[in-house]
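For reference, the structure is listed below as structure tokens.
What's counted below: heavy atoms across the whole structure, side chains too, no hydrogens, waters or symmetry copies. Note that ligands are numbered from 1 as they come in the structure, with each ligand's atoms numbered from 1 the same way.
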Amino acid sequence: MGVGLGWLGRQGFCFLLRQPWRGLTMGQGPSCHPQSQDHWLGWGIRAPVVPAHLARETTLHDSSRWPGSPELARSPLPVAQGPGTRPLFTLPPGLNISGRLSAWAREGEGGIQLCLLFWSCQSLQAQTMPVEEFVAGWISGAVGLVLGHPFDTVKVRLQTQTTYRGIADCMVRIYRHESLLGFFKGMSFPIASIAVVNSVLFGVYSNALLLLTATSHQERRAQPPSYMHIFLAGCTGGFLQAYFLAPFDLIKVRLQNQTEPRAQPGSPQPRYHGPMHCAASIFQEEGPRGLFRGAWALTLRDTPTLGIYFITYEGLCHQYTPEGQNPSSATVLVAGGFAGIASWVTATPLDVIKSRMQMDGLRRKVYRGVLDCMVSSVQQEGLGVFFRGLTINSARAFPVNAVTFLSYEYLLRWWG
Ligand SMILES: C[N+](C)(C)CCCC[C@H](N)C(=O)O
């Protein structure tokens, strides 16, 4: 099976799944090869045709039966005839699709499945792409980040080192040994990276919602999107930001785990002198893929839990805000705080694994993969290992995400 992303110029873009499809002839689309066994179906959406004998066994779901695509629901899909063929559907000229259009065709028992997904941003061209969401995401993320970084350092130490007796012990020892600056180790890089990471998260989330529901940030108060759409948009944002976050997070975790005090004559030199040195050393010692160590665990951690993050936030705001109004500052703070907690509570088990995978390979490679890391961590330390750092994660999550959402909402209202 192949996967591709196609740009259809003014028509929008489409996401394609290619599947060998025996006996299927394709219609007039530019990339349709009637004899081919294996089609890219992006253009086929305009007039795909199925031989009559196949059509009987073919089930077709089009987006008119899907919630979230009102235009299609109102516009019955015309059917064009061809000799011995039956079109799945054709798109009426000038149809604006603001939702998803998707089609499945199945060739009976054990047959080959064709799945076609199509998105168009044609109808969105009139609306502005919410670029401000990216900027708001960045600034609000930076505010939250500075506030939360000391908690984060304590958390990473507790997760990866066994010498501390608890949160208080860890804090006291960091302060005594490394001064206040010890809490801010590895922060410069996340501050720079938050520009990319949080703007990808909030920007993709908001744009995904715009594609799914055709409502902008402002309109969403009057027409709230379904929780399914919020969750999907959050997961999409989480999935994409994980790849931007991975190298930055790796460097942060490696620097946070250096326990040597700063620049004291005669004391042992830390392995990495700073973020750039850390990045360069990882690149040299472990190759470019080394910079993405732990990325898989990070993706698993962030994709569902950022769906939970936005669902909790929107759900609480909705609950405590009169119909059609903007949520008050207190509501945003509380909803943002709880969104952070809900997301971190569910993310903590994989957060532990992620941090361990990122530290793996520093001296020698211990784990064969995410699963191996989970199994050996549980074998050695019991199930409790999955909850390491849970208290500190939650304590950090409330203020960080309360101010993140507050600044995000206010920046957007200010620009709106
Ligand atoms: C998905 N996960 C729980 C990992 C993070 C969710 C919250 C993100 C926020 N920037 C923060 O640092 O708290």
among protein heavy atoms, the one nearest atom 8 (C) of ligand 1 is Asn401 OD1, 3.9 Å
Which of the numbered atoms in ligand 1 are under 4.0 angstrom from any heavy atom belonging to Ala347?
3 (C)
Arg289 to Phe292, cation-pi by 6.0 Å centre distance and 45° axis angle:
no
Proximal atoms of ligand 1 relative to Arg301 (non-hydrogen, under 4.0 Å)
4 (C)
So, Tyr313 versus Asn401: side-chain donor-acceptor pair below 3.5 Å or not?
no
Centroid separation under 6.0 Å, is that true for the rings of Tyr309 and Phe405?
yes
Which of Arg293, Arg254, Arg271 passes salt bridge (charged side-chain N to carboxylate O under 4.0 Å, His left out) with Glu285? Answer is Arg271
Would you say Asp152 and Arg396 make side-chain contact, with heavy atoms under 4.5 Å?
yes
Nearest to atom 7 (C) of ligand 1 by heavy atom, Phe405, Tyr309, Phe398: which?
Tyr309
With only distance considered, is Arg396 within less than 3.5 Å of ligand 1 through an N or O on each side?
yes
Residue from Phe231, Tyr408, Phe202 passing ring-ring contact (aromatic ring centres under 6.0 Å, His included) with Phe310:
Phe202
Among all the protein's non-hydrogen atoms, which is closest to atom 6 (C) of ligand 1, and how far away is it?
Ser343 OG, 3.4 Å
Tyr164 versus Arg173, side-chain donor and acceptor atoms under 3.5 Å:
no
By number and element, which atoms of ligand 1 are closer than 4.0 Å to a non-hydrogen atom of Leu306?
1 (C), 6 (C)
Among all the protein's non-hydrogen atoms, which is closest to atom 4 (C) of ligand 1, and how far away is it?
Asp302 OD1, 3.2 Å
Less than 3.5 Å between some nitrogen or oxygen of Thr305 and one of ligand 1, yes or no?
no
